[in-house]
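Beneath this line is the structure, given in structure tokens, with notes to follow.
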Amino acid sequence: MEIRTLKASEREQVLDLLDRWQMPDGWSGRDFFRRYMDLDPSYRDENFWVAEAGGRLACCVQIFPRALRVGSGVVPLGGIGSVFTDPEARSAGTASAVLRRAEEAMGERGMSLGMLFTGRIGFYERLGWHAWPLANALYIKRSDPPAPEPGLELGALDAPADLDAVKALHADYSAGRAGTVVRDAAGWEGSLRVAGNPDEDFRVARRDGDVVAYARFIALENHPIAAEFGRSADDVEALASLLAAGFAERGGAYGPAPADPELEAALAARGIEVRGMGDPNAMLRCLDAKGLCAAAGVDPVADESDADLLRRVLPPERILFWPSDRF
Ligand SMILES: CC(C)(COP(=O)(O)OP(=O)(O)OC[C@H]1O[C@@H](n2cnc3c(N)ncnc32)[C@H](O)[C@@H]1OP(=O)(O)O)[C@@H](O)C(=O)NCCC(=O)NCCS
């Protein structure tokens, strides 16, 4: 069994392997995972680690590079996804070995932090990962929201015309919040192309013609998800109206809960209750404590465990990771 990165000539082969994964929402494994290959401009074969024996691919693990705001800095993060072993080759240590090799590669490339989402917490815990229930919430509709105030217009994103304003709101609203991803042009393109399932409902709020808030909604296994939102610093009412309308249409939603008491109050005034419920599928792993401290701008503490360091710089009750950056 050889563990190595994918060759360009093996792309269809790795999709054949992933096609054996039973995916929700009517996706075939091939079509679901092909999106990351064909639509995300940051896709690289070198990020796909595979186990190959006798010309057949038995297992794959994909690294999704991201830049995460932590402390006063930005930390290179390796997102882990597309973890799959051929059903006939399971329970032989293959995925564990491929993951370990991918983690080594991440460390070699300066990624001091790993993140993944899984329903198999125990499997990854045994490999050194920590369950990290991100600060999410259920947005519960208690009553119908009032009509938006005069002068505030709620509607669909007009792309590309609105995108510069949306990007500025994202940079501003997410900038002070630990766990958010810094998106460059390719990051935005990838997020806009693959965050939907298959599509997203991208709404904006305009005041006097200017985009002052935005919200992205998706559905996962029929569950409505608030995948991302943002607002200008002085217009919490616009975001609350936009979100309340979106939640009311869906009968509520699940999604990240930024520490934004003003927003919670404005949502409450519109009949939306915010009930904290951490994401049970999120996990983190510290790959290089010194590198993480340096990138995050925090001092290392002698004898601090990886879990304690992670809790210090990314407390789960405060870490905000938008599903639009998921992998
Ligand atoms: C999860 C998955 C990737 C594991 O792949 P795998 O190659 O069987 O993984 P491993 O062999 O390394 O480990 C699987 C189990 O076998 C055990 N194992 C490892 N080496 C072993 C060996 N030599 N003999 C017997 N058991 C072994 C592991 O401890 C592990 O136990 P656990 O499931 O109780 O944690 C595979 O089941 C899969 O593809 N599932 C569907 C997709 C999926 O769920 N992906 C992960 C979600 S992100």
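First listed ligand is number 1; within each ligand, the first listed atom is number 1. Computed over heavy atoms, backbone and side chain alike; hydrogens, waters and symmetry mates excluded.
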Within the distance-only criterion (no hydrogens, no angle test), does the side chain of Asp288 pair as donor or acceptor with the backbone N or O of Lys290 below 3.5 angstrom?
yes
Backbone N/O of Asp325 and side chain of Arg66: donor-acceptor pair under 3.5 Å
yes
Identify the two heavy atoms, one from Ala137 and one from Val274, that lie closest to each other, and give their separation to 0.1 Å.
CB-CG1, 3.7 Å
Determine whether Ile63 and Met111 make a side-chain contact, defined as any pair of heavy atoms from C-beta on separated by less than 4.5 Å.
yes
Identify all pairs of nitrogen or oxygen atoms, one from ligand 1 and one from the protein, separated by less than 3.5 Å, and list them with distances.
{"from": "ligand 1", "atom 1": "5 (O)", "to": "Thr85", "atom 2": "OG1", "distance (Å)": "3.1"}
{"from": "ligand 1", "atom 1": "7 (O)", "to": "Thr85", "atom 2": "OG1", "distance (Å)": "2.8"}
{"from": "ligand 1", "atom 1": "7 (O)", "to": "Ala95", "atom 2": "N", "distance (Å)": "3.0"}
{"from": "ligand 1", "atom 1": "8 (O)", "to": "Ser91", "atom 2": "N", "distance (Å)": "2.7"}
{"from": "ligand 1", "atom 1": "11 (O)", "to": "Ser91", "atom 2": "N", "distance (Å)": "3.4"}
{"from": "ligand 1", "atom 1": "11 (O)", "to": "Ala92", "atom 2": "N", "distance (Å)": "3.1"}
{"from": "ligand 1", "atom 1": "11 (O)", "to": "Gly93", "atom 2": "N", "distance (Å)": "2.7"}
{"from": "ligand 1", "atom 1": "12 (O)", "to": "Ser96", "atom 2": "N", "distance (Å)": "2.9"}
{"from": "ligand 1", "atom 1": "12 (O)", "to": "Ser96", "atom 2": "OG", "distance (Å)": "2.4"}
{"from": "ligand 1", "atom 1": "20 (N)", "to": "Gly93", "atom 2": "N", "distance (Å)": "3.1"}
{"from": "ligand 1", "atom 1": "24 (N)", "to": "Ser91", "atom 2": "O", "distance (Å)": "3.3"}
{"from": "ligand 1", "atom 1": "26 (N)", "to": "Ser91", "atom 2": "O", "distance (Å)": "3.3"}
{"from": "ligand 1", "atom 1": "33 (O)", "to": "Arg120", "atom 2": "NH2", "distance (Å)": "2.8"}
{"from": "ligand 1", "atom 1": "34 (O)", "to": "Arg126", "atom 2": "NH2", "distance (Å)": "3.0"}
{"from": "ligand 1", "atom 1": "35 (O)", "to": "Arg126", "atom 2": "NE", "distance (Å)": "3.4"}
{"from": "ligand 1", "atom 1": "35 (O)", "to": "Arg126", "atom 2": "NH2", "distance (Å)": "2.5"}
{"from": "ligand 1", "atom 1": "37 (O)", "to": "Arg120", "atom 2": "NH1", "distance (Å)": "3.4"}
{"from": "ligand 1", "atom 1": "39 (O)", "to": "Thr85", "atom 2": "N", "distance (Å)": "2.9"}
{"from": "ligand 1", "atom 1": "39 (O)", "to": "Arg90", "atom 2": "NH2", "distance (Å)": "3.2"}
{"from": "ligand 1", "atom 1": "45 (N)", "to": "Val83", "atom 2": "O", "distance (Å)": "2.9"}

Fellow cluster residues of Val301, listed by chain then number, with links counted only when side-chain atoms sit under 4.5 Å apart
none
Between Arg193 and Asp40, does at least one N-O distance fall below 4.0 Å, as a salt bridge requires?
no
